[in-house]
Amino acid sequence: MSINVMLDEFKEIAANPKKQLEHYKGQGKKAIGVLPYYAPEELVYAAGMVPFGMWGSNKKTISRAKEYCATFYCTIAQLALEMLLDGTMDGLDGIITPTICDTLRPMSQNFRVSMGEKMPVIFLAHPQNRFDENGLAFTVAQYTNVRKKLGKIAGAEITDEAIKNAIKVYNRSRAARREFVKLANDHCDVVTPTKRSAVLKAAWFMSKDEYTEKLEALNAELAKLPVCDWQGTKVVTSGIICDNPKLLAAFEENNIAIAADDVAHESRAFRTDASETEADPMMALAKQFADLDYDVLLYDPQSAKNRRGEFVANMVRESGAQGLVLFMQQFCDPEEMEYPYLKKALDDMGIPHIKLGIDQQMRDFGQAYTAIQAFADVLEMNK
Amino acid sequence: MAKQVSPGVLALRKVVEDVYREAREAKERGELVGWSSSKFPCELANAFGLHVVYPENQAAGIAANRYGELLCQAAEDLGYDNDICGYARISLAYAAGKRAARKFDPETGEYIIDPSTGKPMKDADGKAVIDEATGKPKKDPKTQTPYMVLDDLNEIMALPDGVEKERRLAAISPIRQMQMPMPDFVLCCNNICNCMTKWYENIARMHNIPLVMIDIPYNNTVEVDDTYVAYIRGQFDKAIKQLEEISGRKFDEKKFEEACANANRTAKAWLKVCDYLQYKPAPYSGFDLFNHMADVVTARGKVEAAEAFEQLAVDLEETIKKGETTTPFPEKYRVMFEGIPCWPKLPALFKPLKEHGVNVTAVVYAPAFGFVYNNMDEMVRAYCKAPNSVCIEQGVDWREGICRDNKVDGVLVHYNRSCKPWSGYMAEMQRRFTNDLGVPCAGFDGDQADPRNFNAAQYETRVQGLVEAMEANQKAKEA
Ligand code: SF4
Ligand code: SF4
């Protein structure tokens with residue numbers, strides 16, 4: 001299959017989650033909506049169900065969710081609720097609601113209340129002091145609860161063996177995505193920003209074995225190509241999500257490629273693997289969560305240092321990018337809170353950046369286009 | 001009628017004043033001062049005799065003194081978005097060295113008076129004196145204050161010794177919140193919000209100081225599960241070790257027990273004071289509780305706080321016996337005020353309530369801060385029950401409990417732009433209040449610290465609407 005055909009398939013899937021859901025339901029599979037962040041999707045897979053990432057939508061408008069939310073909440077959370085209320089995600093058999101930020105905490109209650117009898121809502125609270133025995137035990141306890149509830153939905157208990165297998169499947173999928181991100185950098189002429197985004201986004205709507213197979217095939221084809229002689233510029237993207245094809249088209253129009261990303265919906269979600277040798281697979285998942293690092297949402301015990309800012313700034317240097325574009329999701333205080341120190345790290349290393357305020361109900365990209373266009377010139381000068 | 005200040009209220013004011021003063025003095029002596037989130041277990045710091053101050057209380061004070069906008073803007077200029085909680089913005093600006101200062105003439109050093117400040121001058125008959133030149137009422141110069149501008153402590157300290165340095169230092173607002181010593185360590189407990197986590201990390205980074213983190217995950221059930229207790233207890237032990245390192249002292253079991261006993265005594269006395277709002281008419285305005293919260297936040301582990309609340313309870317008992325009230329208007333309606341008040345806009349909040357005879361007789365801080373415990377595990381459970389860490393059922397139960405006990409006719413809901421965890425399930429709560437209690441609710445948009453997010457006209461209309469609904473309700477009941 002040609003690279004373009006494969007890329008188109010990912011694009012089709014990324015753009016039509018509802019169709020994907022119907023596809024799996026048609027196969028007699030159950031599906032679980034997974035809200036951000038860090039839910040152990042491996043457990044869903046181990047239960048023989050398909051996890052569906054719920055990161056809002058670029059095509060919806062908040063309407064029914066207004067009955068639950070004041071205006072000053074991010075669209076990620078509000079549109080996830082909207083799609084549960086307007087029937088888009090009716091095919092789901094349950095959802096998992098993590099509570100790591102101040103929006104998701106109360107939203108977990110809105111999800112539970114509004115879903116009522118419609119579908120089970122599985123609550124999940126991650127610990128911030130997640131590293132020592134004590135924190136790990138709490139994560140295991142929380143994950144055990146999720147495991148039980150998922151087992152109930154699936155109609156069979158989830159075995160340790162199934163989880164161990166799921167960890168392998170997921171590690172492989174994460175490795176394939178990391179590899180893809182590198183290949184996308186080497187072949188940024190073929191894997192344009194919109195295509196790159198679609199490939200990574202599709203992962204949220206596919207069973208991971210199926211996805212990985214497809215992605216490995218694409219990676220193999222990409223690896224055969226000579227590394228491109230890119231004449232344009234490159235950036236690292238950062239933020240919660242930047243999957244709007246219209247917005248990403250502005251990068252393409254200005255010959256800006258994406259060299260790497262620090263995006264929650266993309267690389268932050270597959271940077272860290274779970275151990276395949278740990279005797280207890282639940283502990284392996286808890287340790288994987290503990291190992292997550294350089295994240296705006298997670299406590300850093302070495303907080304007196306600017307580790308995350310420097311990590312991202314180094315990523316820009318190491319990936320060969322000339323600058324960084326921060327997609328600032330409106331009303332996302334975790335990202336906003338870490339912006340000054342990200343800026344400091346970038347400034348200290350002489351890396352230019354722009355901050356684009358976005359939300360998923362944005363339909364007019366005029367301002368963003370202008371900003372990206374102007375930034376293209378800055379990047380050019382930094383080559 | 002000027003509000004009379006009872007001995008209890010005076011004592012409570014002194015307690016908070018002392019917390020700040022002692023911290024300032026400790027810093028001058030070269031001792032360590034910590035900054036703590038409001039619901040960090042103060043009992044732990046008390047066990048080491050450490051001096052601790054509270055940025056949330058500080059930010060509320062700065063906002064109430066009308067410097068909120070100045071400091072919020074300063075934080076925004078540092079890159080902190082205006083979406084971020086106003087307390088956090090004020091605190092981060094302060095931590096970065098930003099200060100509200102009086103504007104002065106660089107030649108003479110004299111403060112430059114802001115003509116828009118001050119009270120109107122009155123003549124012997126109590127009538128406003130009109131300025132002939134402008135046709136507007138004349139201001140009493142004694143009540144006028146200088147323009148407030150932003151200054152930077154780091155910049156000032158970097159100046160060579162001399163007049164400019166002295167003047168700029170002296171010009172910094174003298175209110176205690178603007179004179180709070182900088183931190184040597186930070187104590188963070190995120191039970192009230194996760195915003196706290198990164199806020200305190202930012203402070204730790206700015207000052208390169210240790211952070212003690214107690215993480216209390218959000219809870220989905222009314223009962224606190226044993227796994228939560230185990231996790232949090234483990235963190236208490238770790239925090240104690242960290243505090244031993246920070247202070248260079250051993251954990252003092254006796255001091256710890258004393259602090260626990262005081263915290264319990266304060267909580268009980270606080271609840272007792274809150275419960276006087278059950279009387280009809282209430283012996284005071286529930287708005288006063290917002291002021292007394294400062295004591296619960298900054299000094300609940302101190303015996304003086306317990307004693308001051310006990311004194312206030314005695315005072316209130318007296319007021320009740322005399323059949324009096326300190327509410328400055330006759331009480332026609334009783335409401336619960338949901339949320340933190342808009343500190344910079346207290347007079348504007350109060351005005352339409354007073355006009356319509358609406359007394360606040362219930363605030364959710366009453367049950368939320370009145371936690372009593374008998375042992376370490378219960379203490380852990382108590383700290384799990386912060387206003388924003390509990391599930392909707394618990395949240396509703398607290399509120400409906402005080403609404404019933406304190407006999408409210410309606411609920412006024414502050415959709416607080418600053419506090420996402422608080423406002424997040426408010427719409428559903430409103431529906432439940434109306435269903436379960438049969439009382440009308442009205443919501444308004446505001447902000448606890450940033451005056452730019454409050455619209456007085458909208459607020460007045462909403463209060464008006466609430467009053468009409470309460471009136472209709474009353475009529476229906478009578479009929
Ligand atoms: S976008 Fe930000 S505020 Fe919204 S759910 Fe994600 S982390 Fe929370
Ligand atoms: S609880 Fe709300 S108001 Fe308090 S610090 Fe957190 S976000 Fe701000």
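Just so we're on the same page: letters track the sequence lines, and every chain starts at 1. Only this structure's heavy atoms are used, side chains among them; waters, hydrogens and symmetry mates stay out. Given the structure is predicted, the values throughout are model-derived calculations rather than measurements.
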For chain A, which residues of residues 384-391 of chain B have heavy atoms nearer than 4.5 angstrom: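 Listed by number, the contacting residues are B:N388, B:S389, B:C391.
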
Quick one: are [X] and [Y] in side-chain contact, heavy atoms under 4.5 Å?
{"X": "B:R431", "Y": "A:V113", "answer": "no"}
{"X": "A:D333", "Y": "B:Y80", "answer": "no"}
{"X": "A:M328", "Y": "B:D83", "answer": "no"}
{"X": "A:M337", "Y": "B:L92", "answer": "yes"}
{"X": "B:N202", "Y": "A:Y341", "answer": "yes"}
{"X": "A:F72", "Y": "B:S423", "answer": "yes"}
{"X": "B:Y218", "Y": "A:Q109", "answer": "yes"}

Chain A contact via [X] - which portion, at a heavy-atom distance below 4.5 Å:
{"X": "B:N416", "answer": "backbone"}
{"X": "B:I209", "answer": "backbone"}
{"X": "B:I392", "answer": "both"}
{"X": "B:C188", "answer": "neither"}
{"X": "B:M429", "answer": "neither"}

With a 4.5 angstrom heavy-atom cut-off, could you sort out which part of [X] is near chain B: side chain, backbone, both or neither?
{"X": "A:E133", "result": "neither"}
{"X": "A:K344", "result": "neither"}
{"X": "A:P127", "result": "both"}
{"X": "A:L298", "result": "backbone"}
{"X": "A:Y339", "result": "side chain"}
{"X": "A:D132", "result": "side chain"}

Spatial distance of atom [atom1] ([X]) from atom [atom2] ([Y]) [nearest 0.5 Å]:
{"X": "B:Y415", "Y": "A:C69", "atom1": "OH", "atom2": "SG", "value": "10.0 Å"}
{"X": "A:S303", "Y": "B:M206", "atom1": "OG", "atom2": "CE", "value": "12.5 Å"}
{"X": "A:Q142", "Y": "B:D225", "atom1": "CD", "atom2": "CG", "value": "8.0 Å"}

For [X], does the [atom1] atom sit with more than 12 other heavy atoms under 6.0 Å from it, leaving out its own atoms?
{"X": "A:Q367", "atom1": "CD", "value": "no"}
{"X": "A:K118", "atom1": "NZ", "value": "yes"}
{"X": "B:E244", "atom1": "CD", "value": "yes"}

Quick check, are the ring centers of A:F138 and B:Y228 under 6.0 angstrom apart?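 Yes, ring centres under 6.0 Å apart.
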
To check you understand the geometry: which heavy-atom pair defines the closest contact between [X] and [Y], and what is its length?
{"X": "A:N134", "Y": "B:A230", "result": "OD1-O, 3.3 Å"}
{"X": "B:Y231", "Y": "A:Q128", "result": "OH-N, 3.4 Å"}
{"X": "B:T227", "Y": "A:A141", "result": "CG2-CB, 3.6 Å"}
{"X": "A:R105", "Y": "B:N190", "result": "NH2-O, 2.9 Å"}
{"X": "B:K198", "Y": "A:D295", "result": "NZ-O, 3.6 Å"}

The salt bridge (charged side-chain N to carboxylate O under 4.0 Å, His left out) partners of A:D86 (sequence neighbours excluded) come to A:K60

May I ask you to decide whether A:K305 forms a salt bridge with B:E201, counting only side-chain N to carboxylate O separations under 4.0 Å? no

Chain A shares the most heavy-atom pairs under 4.5 Å, among B:R233, B:K238, B:E393, with B:E393

Can you tell which of B:P421, B:A75, B:P210 has the highest number of heavy-atom pairs within less than 4.5 Å of chain A?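 The residue among B:P421, B:A75, B:P210 with the greatest pair count is B:P421.
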
For [Y], is there any backbone N or O sitting under 3.5 Å from a side-chain donor or acceptor partner on [X]?
{"X": "A:Y73", "Y": "B:G424", "value": "yes"}
{"X": "B:R205", "Y": "A:N306", "value": "no"}
{"X": "A:N129", "Y": "B:M213", "value": "yes"}
{"X": "A:D102", "Y": "B:N194", "value": "yes"}

Among the listed options A:T71, A:L297, A:N110, A:I100, the residue most often paired with chain B at heavy-atom distances under 4.5 Å: A:N110

Applying side chain to side chain donor-acceptor pair (under 3.5 Å) to B:N220 and A:R112, what does each step give before you reach the verdict? CA-CA 10 Å; B:N220 194 38; A:R112 176 160 59 79; 3.1 Å; yes

For B:N82 and A:E336, does a side-chain donor sit closer than 3.5 Å to a side-chain acceptor?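 Judged by distance alone, the side chains do not pair up.
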
